[in-house]
Novice: 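Sending over a structure as structure tokens; questions will come in a sec.
Residue indices begin at 1 and follow the sequence shown.
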Amino acid sequence: MATDQGRSLMARWRERTNDARPHLVICGSDALVYTLAEELARSGHRVRLTLITPPELKTAVPDLGDLRVRGVKVITATRLDERTFRDAGLAGADALALVMPDDMVNLHAALCARAVEGDLRLVMRMFNTGLAYGVRRLFADCAVLSDAAMAAPAFVAAALGEVAPTHFRYAARTMNVAQRADVPDDAVLLTLATSDGNGKTTVLPPASEAKPADLVLAEAGRRPAAQAVAARRLSREGRRRRPWLSVGRAIRVGLSRKLGIAVLVALGLTLVSGALLTHFTGVQGFWRSIYVTLLTMVGSSDVEENNEPAAQAAQLVLTLAGVALLPLVTAAVVDGVVKTRLALDRGEIIKVYSGHIVLVGLGNVGTRVLRQLIDLGLDVVAIDRNPEARGVKVAEDLDVPVIIGDAALEATLRSASIASCQALVVVSTDDAVNLQAALHARQARDGIRVVLRLYDDDFARRVQDAFNIDISRSVSRLCAPAFAAAMLEREVLATIPVERHALLVAAVKVMPGSALDGAALSSADRPESARVLGMTAAGSEWVDWVPDARRVLAPGDEIVVVARRAGLRVLLERAARPLETGGE
């Protein structure tokens, strides 16, 4: 990144004469724009922030007045064009984050921004991976991130009751997150978190505190991932069908209540009058009784003047009931076929599923979650109230049943066989709908695993504790550290979600004259803050994955670390070249 077009923030600070703070611009319309701005404002860096938002923000976005109090400049604009960027002072800015929820809007805005300021770092949010690859090649200094791609593995893992399948590749080695018990000892690279058994989690603990139940970063490919094992188990359980329940649901959907009562009344009269007729006429044998009853019902019997009055009354009632029953049965069949067809067209599911995953919300995150669940061989029933949602077409292509309806309604969840599913994953963008769906699921069955998406991280934690929800997460809170790190030009390789923390995997280069220049490698390793994963000597491409902690660092050495946000910030400051000072 150290090119003429992508100078480091420190270099730009030295060039400034009036305001030494880097100028960062963020454009967005949903929860991520607020969370990213808050992340940058609380990062500890002295930065100047400008937000560009449309007049109408998504409902999940808090009041931007809180950001104004912290010195963030907020601009409202209907279009992200050159004029808007010039008015926002983009000329001379250091970085621009385009986090609108539309790929094409972000791409158009990036082209306009480059016309205003060519020497600019771009951080773009994109859902389409193919388009993202092309954008990286189009712009020299650009980071393209997908919040959906970052968040989806965490939701999938929570649905399976396993560790989020986070993995990344660096220096020809693929690493993933796993439980220590799921990988051999020689595959463990670093302990990410450990628990004391009372619910307290320690992130990046010292090596001396390692325990068998730790969450670790390990070299991938040694043994089957726990997620795959859990997925196969759920997939086998999901194959158990209950066809009689499907037949019952089809009858309930297809037959109206009033018409059903009429049919039952006519059928009851037919049976009673048929039994009386065969009794008073002395008909013997079951088949002869059926024969006489059916012929009389359809009007094929003769007039019997010599029969007893009771037999004649039964014959008359039977004939009239038969005349009424046949049209009623025909009407019921036609009505049932039509209603069933309309129910299918509306997205109602007639078939009863068991052992499946119910997925609510088919937006960006929901679509990613859907694909990963299908890739794992799991049965999925999806729900979304918008028939034009991004994931509806994907679900149709994958032959996944989709219910178009409001997941906040208990009837909608029942149509998705919520009482017999393995887990409910709720990832729509409406917090109220998400919470109602989760509570309805708990009422349907106590043991159901519920994975819930909520915007506010504190609210998510309280909901999880108060309502016994298995996992509740905030997508924007989960992804904001990676976007913020990309804007500040950190070499972030991956973001690892651990409980409610977001750990960053980054490569930090030691600059001449910095605090780390001439220091021991052990000084960069700080438990619960930043842990050294490996290092590369200056001028070399080989990565030492088990470096000697006593090694003296030299300019150009690159340290690979797993760190919390604050720990990485401190380490970057210690690795950076000190600012030049001079007399006035």
Novice: Is there a side-chain contact between V216 and V183 in this structure, where contact means two heavy atoms from C-beta onward sitting under 4.5 Å apart?
Specialist: yes

Novice: Return the CG to CG distance between L122 and L96, rounded to the nearest 0.5 Å.
Specialist: 5.5 Å

Novice: Between S514 and M511 (side chain of the first, backbone of the second, donor and acceptor by atom type, cut-off under 3.5 Å), is there such a pair?
Specialist: yes

Novice: State the CG-CG distance between D141 and D119, to the nearest 0.5 angstrom.
Specialist: 8.0 Å

Novice: Within this structure, what is the CG-CZ distance for the pair D94 and R21, rounded to the nearest 0.5 Å?
Specialist: 11.5 Å

Novice: Calculate, to the nearest 0.5 Å, the distance between atoms CZ and CG belonging to R531 and L192 respectively.
Specialist: 10.0 Å

Novice: Could you work out, with side chain to side chain donor-acceptor pair (under 3.5 Å) as the rule, every residue matching R574, not counting sequence neighbours?
Specialist: none

Novice: To the nearest 0.5 angstrom, please state how far the CG atom of L362 sits from the CG atom of D384.
Specialist: 5.0 Å

Novice: Does the side chain of T53 come within less than 4.5 Å of T76's, by heavy atoms?
Specialist: yes

Novice: Flag the pair M535 / V560 as yes when at least one side-chain heavy-atom distance between them is below 4.5 Å, and no otherwise.
Specialist: no

Novice: Name all residues meeting the salt bridge (charged side-chain N to carboxylate O under 4.0 Å, His left out) criterion together with D103; count only those two or more places apart in sequence or in a different chain, and write none if there are none.
Specialist: none

Novice: Could you go through residues 395-408 and list every donor-acceptor pair under 3.5 Å that involves a side-chain atom there, pairing it with any protein atom two or more places apart or in another chain?
Specialist:
residue	atom	partner	partner atom	Å
D397	OD1	K393	NZ	2.9
D397	OD2	K393	NZ	3.1
D406	OD1	A408	N	3.0

Novice: State, yes or no, whether a side-chain contact exists between I357 and V425 at a heavy-atom distance under 4.5 Å.
Specialist: yes

Novice: Flag the pair R48 / L24 as yes when at least one side-chain heavy-atom distance between them is below 4.5 Å, and no otherwise.
Specialist: no

Novice: Taking all heavy atoms of A110 and all of L98, pick out the closest pair and write down the distance.
Specialist: N-CD1, 3.5 Å

Novice: Tell me whether S540 contacts the main-chain N or O of W542 through its side chain, where contact means a donor paired with an acceptor under 3.5 Å.
Specialist: yes

Novice: Could you list the residues that satisfy side chain to side chain donor-acceptor pair (under 3.5 Å) with R371, not counting sequence neighbours?
Specialist: none

Novice: Under the salt bridge (charged side-chain N to carboxylate O under 4.0 Å, His left out) test, which residues partner R136, sequence neighbours left out?
Specialist: none

Novice: Counting N and O atoms only, with roles assigned by atom type, does the side chain of S474 sit under 3.5 Å from a partner on the main chain of Y455, one being a donor and the other an acceptor?
Specialist: yes

Novice: Quick check: does any side chain N or O of N434 sit under 3.5 Å from a backbone N or O of L452, one acting as donor and the other as acceptor?
Specialist: no

Novice: May I ask you to test the I26-M487 pair for a side-chain heavy-atom distance under 4.5 Å?
Specialist: yes

Novice: Restricting to non-hydrogen atoms, name the atom on A115 and the atom on R86 that form the minimum distance, rounded to 0.1 Å.
Specialist: O-NH2, 4.2 Å

Novice: Under 3.5 Å, is there a donor-acceptor pair between the side chain of E117 and the main chain of G92?
Specialist: yes

Novice: Salt bridge (charged side-chain N to carboxylate O under 4.0 Å, His left out): which pairs involve residues 59-80, sequence neighbours left out?
Specialist: E38-R70, R79-D81

Novice: Report yes if the side chains of D102 and M104 come closer than 4.5 Å at any heavy-atom pair, otherwise no.
Specialist: yes

Novice: Just verifying a value: how many Å separate T536 OG1 and K509 NZ, rounded to the nearest 0.5 Å?
Specialist: 9.5 Å

Novice: Counting N and O atoms only, with roles assigned by atom type, does the side chain of R385 sit under 3.5 Å from a partner on the main chain of G361, one being a donor and the other an acceptor?
Specialist: no

Novice: Keeping R42 on the side-chain end and A37 on the backbone end, is there a donor-acceptor pair under 3.5 Å?
Specialist: no

Novice: Kindly state each residue pair satisfying side-chain hydrogen bond (donor to acceptor under 3.5 Å, both in side chains) with at least one member in residues 361-370, sequence neighbours excluded.
Specialist: N364-R390

Novice: Is there side-chain contact between I75 and D87, with heavy atoms separated by less than 4.5 Å?
Specialist: no

Novice: Does D147 have any salt bridge (charged side-chain N to carboxylate O under 4.0 Å, His left out) partners at least two apart in sequence or in another chain, and if so, which?
Specialist: R125

Novice: Is it true that a side-chain atom of N106 and a backbone atom of M100 form a donor plus acceptor pair closer than 3.5 Å?
Specialist: yes

Novice: Using side chain to side chain donor-acceptor pair (under 3.5 Å) as the criterion, list what pairs up with E39, not counting sequence neighbours.
Specialist: R565

Novice: With sequence neighbours left out, write down each residue that passes side chain to side chain donor-acceptor pair (under 3.5 Å) with D557, or none if nothing qualifies.
Specialist: none

Novice: Run the side-chain donor-acceptor check on residues 516-523: report pairs under 3.5 Å with partners two or more places apart or on a different chain.
Specialist:
residue	atom	partner	partner atom	Å
D517	OD2	G513	N	3.0
S523	OG	A520	O	2.6

Novice: Going by the rule salt bridge (charged side-chain N to carboxylate O under 4.0 Å, His left out), which residues pair with R173 if we only count those two or more places apart in sequence or in a different chain?
Specialist: E219

Novice: Just one of L533, D525, L568 clears the side chain to side chain contact (heavy atoms under 4.5 Å, CB included) bar with V561, so which one?
Specialist: L568

